Amino acid sequence: MINKKVDTVQEALHGIENNMTLLIGGFGLCGIPENSIAELVAKKVNGLTCVSNNAGVDDFGLGLLLQHKQIKKMISSYVGENAEFERQMLSGELEVELIPQGTLAERCRAAQAGIPAFFTPAGYGTEVAEGKETREFNGKMHVMEHAFKADFAIVKAWKGDTAGNLIFKGTARNFNPSMCGAAKITVAEVEELVEAGQLDPNQIHIPGILVQRIFQGKKFEKRIEQRTVRARK
C-alpha cells in the first residue's frame, strides 16, 4: 500500500508557487487547514487565486493571506465576515467572483469526478449568468458552469491514515470532501493520523485514491466567527 504521509507542512505544500489556483477547504472557520494557511503565509507566495466558501476573518484563516496581499483573486460564496476583504474588493486591489454556494460545491465535485461542465438553474437571470451559455431543460432555464481547474486542493480532516483515507467531523464535512481529488494535487491536514488499516472502512468519507499527501497538523485554534450565547439571568 502506498504511504502518502509526509512529516512536515513544508513538505506537504512543496511545489506551490506564485500565481497558482488553490482550493481551500472549510466552512466559515470550521474545518479550515490552519497549519497549511500559516505555511502559505510563511512561503510568501503571491498572485494566488483561492477558491473557498468564505474568505476567513481579518486575522485568521484566509484573512491572513489577504493581510499580506498574497491573494490576487477570490472565488467565494460568503464573504461577510472580513473587513479587509471588503476594503480590497471595493478599492479594486482584489478580483472577486461571487457564486451561489451550491454552484461552488458542484464545481468542486464536478472537477473531482472529471466532469468538465454542468447546467444549473441557480443564477439564471442575474449577473451570475452574464456571458455564460444558457439552455432550457424541462421548461426551466439553466446556466452552464465549468468545473474548477486547480493546482492544489488543501483540505482539513478529523482523522486520516497513511494511505490517505479521510474521516471528517460535523460541519467540517462541508466543502472539504468535494475538494479532494478536484485538483492536480490534494493535500490533507488531519488532527489524528493513524496507520493504514486502523480506520473503520465503513466510516471513511474520502478514499485515499483522491489524496496525494497527508500530514498531522498541530495546535489547532478552531476559532468561532460569531459566538452567540444566551444572556445570563
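Keep in mind that what you see is a predicted model, and the values were worked out from it rather than measured.
Using a 4.5 Å heavy-atom cutoff, the side chains of Leu199 and Val194 are in contact. Contact of the Phe118 side chain with the Arg107 side chain is registered, since non-hydrogen atoms from C-beta on lie closer than 4.5 Å. Side-chain contact between Gln70 and Val41 is present, with heavy atoms from C-beta onward closer than 4.5 Å. Contact check for Arg87 versus Glu93: side-chain heavy atoms found under the 4.5 Å cut-off. Residues Thr162 and Ile214 are not in side-chain contact: their nearest non-hydrogen atoms beyond the backbone lie 4.5 Å or more apart. Put simply, the side chain of His205 does not reach to within 4.5 Å of the side chain of Leu166, judged on heavy atoms. You'll find the side chain of Ile24 stays beyond 4.5 Å of the side chain of Phe175, heavy atoms only. Using a 4.5 Å heavy-atom cutoff, the side chains of Val96 and Ser76 are not in contact.
Asp58 contributes atom CG, which lies 10.0 Å from atom CG of Leu64 (distance to the nearest 0.5 angstrom). The structure places CG of Asn54 at 8.0 Å from CZ of Phe27, a figure rounded to the nearest 0.5 Å. For the atom pair CG of Asn19 and CG of Leu48, the computed distance is 7.5 Å after rounding to the nearest 0.5 Å. Atom OG1 of Thr171 is separated from atom CZ of Arg173 by 11.5 Å, given to the nearest 0.5 angstrom. Atom OG of Ser52 sits about 7.5 Å away from atom CD1 of Ile37, to the nearest 0.5 Å. Atom CG in Asn18 sits 12.5 Å away from atom NZ in Lys44 (nearest 0.5 Å).
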Would you sort out whether Asn53 and Asn174 count as a side-chain contact (heavy atoms from CB on, under 4.5 Å), showing the intermediate values? CA-CA 9 Å; Asn53 179 58; Asn174 288 322; over 6 Å; no

For Asp59 and Gln67, what are the C-alpha separation, side-chain angles and deciding distance, and is it a side-chain hydrogen bond (donor to acceptor under 3.5 Å, both in side chains)? CA-CA 8 Å; Asp59 62 345; Gln67 273 187 1; over 6 Å; no

Working for salt bridge (charged side-chain N to carboxylate O under 4.0 Å, His left out), residues Lys222 and Glu191: CA-CA 11 Å; Lys222 299 185 180 180; Glu191 293 182 43; 2.9 Å; yes

Trace of the side-chain hydrogen bond (donor to acceptor under 3.5 Å, both in side chains) decision for Glu189 with Ser36: CA-CA 7 Å; Glu189 174 178 324; Ser36 297; 2.7 Å; yes

Could you go through the salt bridge (charged side-chain N to carboxylate O under 4.0 Å, His left out) check for Glu145 and Lys132 one step at a time? CA-CA 8 Å; Glu145 297 282 0; Lys132 298 177 182 177; 3.0 Å; yes

Under the side-chain contact (heavy atoms from CB on, under 4.5 Å) criterion, do Leu62 and Phe85 qualify, and how do the steps go? CA-CA 10 Å; Leu62 290 181; Phe85 177 100; over 6 Å; no

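Met179 and Ile71 are not part of a single hydrophobic cluster, where members link through side-chain heavy atoms under 4.5 Å apart. Residue Met89 is grouped with residue Met74 when hydrophobic side chains (ILVMFWY) are merged at heavy-atom distances under 4.5 angstrom, including chains of intermediate members. Tracing side-chain contacts under 4.5 Å through hydrophobic residues (I, L, V, M, F, W, Y), one never reaches Val187 starting from Ile167; they form parts of separate clusters. Under a hydrophobic-cluster definition in which Ile, Leu, Val, Met, Phe, Trp and Tyr are linked whenever side-chain heavy atoms come within less than 4.5 Å, directly or via other members, Val79 and Leu94 are assigned to the same cluster. When hydrophobic clusters are built by joining Ile, Leu, Val, Met, Phe, Trp and Tyr residues whose side-chain heavy atoms come closer than 4.5 Å, directly or via intermediates, Val155 is grouped together with Phe148.
Between Ala182 and Ala111, the closest heavy-atom pair is O-CB, 3.7 Å. Gly217 and Asn35 make their closest contact through CA-ND2, 3.7 Å (heavy atoms, listed as atom of the first residue, atom of the second, distance). Across every non-hydrogen atom of Leu66 and Gln88, the tightest pair is O-NE2, 2.8 Å. Heavy atoms only, all atoms of each residue included: Val51 and Thr21 are closest at CG2-CG2, 4.3 Å. Here the closest heavy-atom approach between residue Ile206 and residue Cys180 is recorded as CG2-CB, 3.9 Å. The two residues Pro177 and Ala172 have their closest heavy-atom pair at CD-O, 4.3 Å.
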Give every donor-acceptor pair under 3.5 Å between a side-chain atom in residues 3-17 and any protein atom, sequence neighbours left out.
{"from": "Asn3", "atom 1": "OD1", "to": "Lys5", "atom 2": "N", "distance (Å)": "2.9"}
{"from": "Lys4", "atom 1": "NZ", "to": "Gly208", "atom 2": "O", "distance (Å)": "2.4"}
{"from": "Lys4", "atom 1": "NZ", "to": "Val211", "atom 2": "O", "distance (Å)": "2.8"}
{"from": "Thr8", "atom 1": "OG1", "to": "Glu11", "atom 2": "N", "distance (Å)": "3.1"}
{"from": "Gln10", "atom 1": "NE2", "to": "Glu39", "atom 2": "OE1", "distance (Å)": "3.2"}

Mind listing the side-chain donor-acceptor pairs of residues 122-131 below 3.5 Å, one per line with the distance, residues two or more places apart or on another chain?
{"from": "Thr126", "atom 1": "OG1", "to": "Gly123", "atom 2": "O", "distance (Å)": "2.6"}
{"from": "Thr126", "atom 1": "OG1", "to": "Val128", "atom 2": "N", "distance (Å)": "3.2"}

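Within a 6.0 Å radius of CD in Glu195, other residues, nucleotides and ligands contribute 12 heavy atoms or fewer. Remark: Ile2 CD1 is loosely packed, at most 12 non-hydrogen atoms of other residues, nucleotides or ligands lying under 6.0 Å away. Taking a 6.0 Å sphere around CZ of Arg213, one finds it holds more than 12 heavy atoms contributed by other residues, nucleotides or ligands. Heavy-atom neighbours of Ile209 CD1 from other residues, nucleotides or ligands within 6.0 Å: at or below the threshold of 12. Other residues, nucleotides and ligands contribute only 12 or fewer heavy atoms inside 6.0 Å of the NZ atom of Lys149. The number of heavy-atom neighbours closer than 6.0 Å to CD of Glu86, taken from other residues, nucleotides and ligands shown, is 12 or below.
Below 30°, between 30° and 60°, or above 60°: for His142 and Phe137 the angle between ring planes is above 60°, a perpendicular geometry.
Judged by distance alone, with hydrogens and angles left aside, the side-chain atoms of Asn82 form a donor-acceptor pair with the main-chain N or O of Ala55 at under 3.5 Å.
In this view, Lys73 and Glu97 satisfy the salt bridge (Lys or Arg N to Asp or Glu O under 4.0 Å) rule, not counting sequence neighbours.
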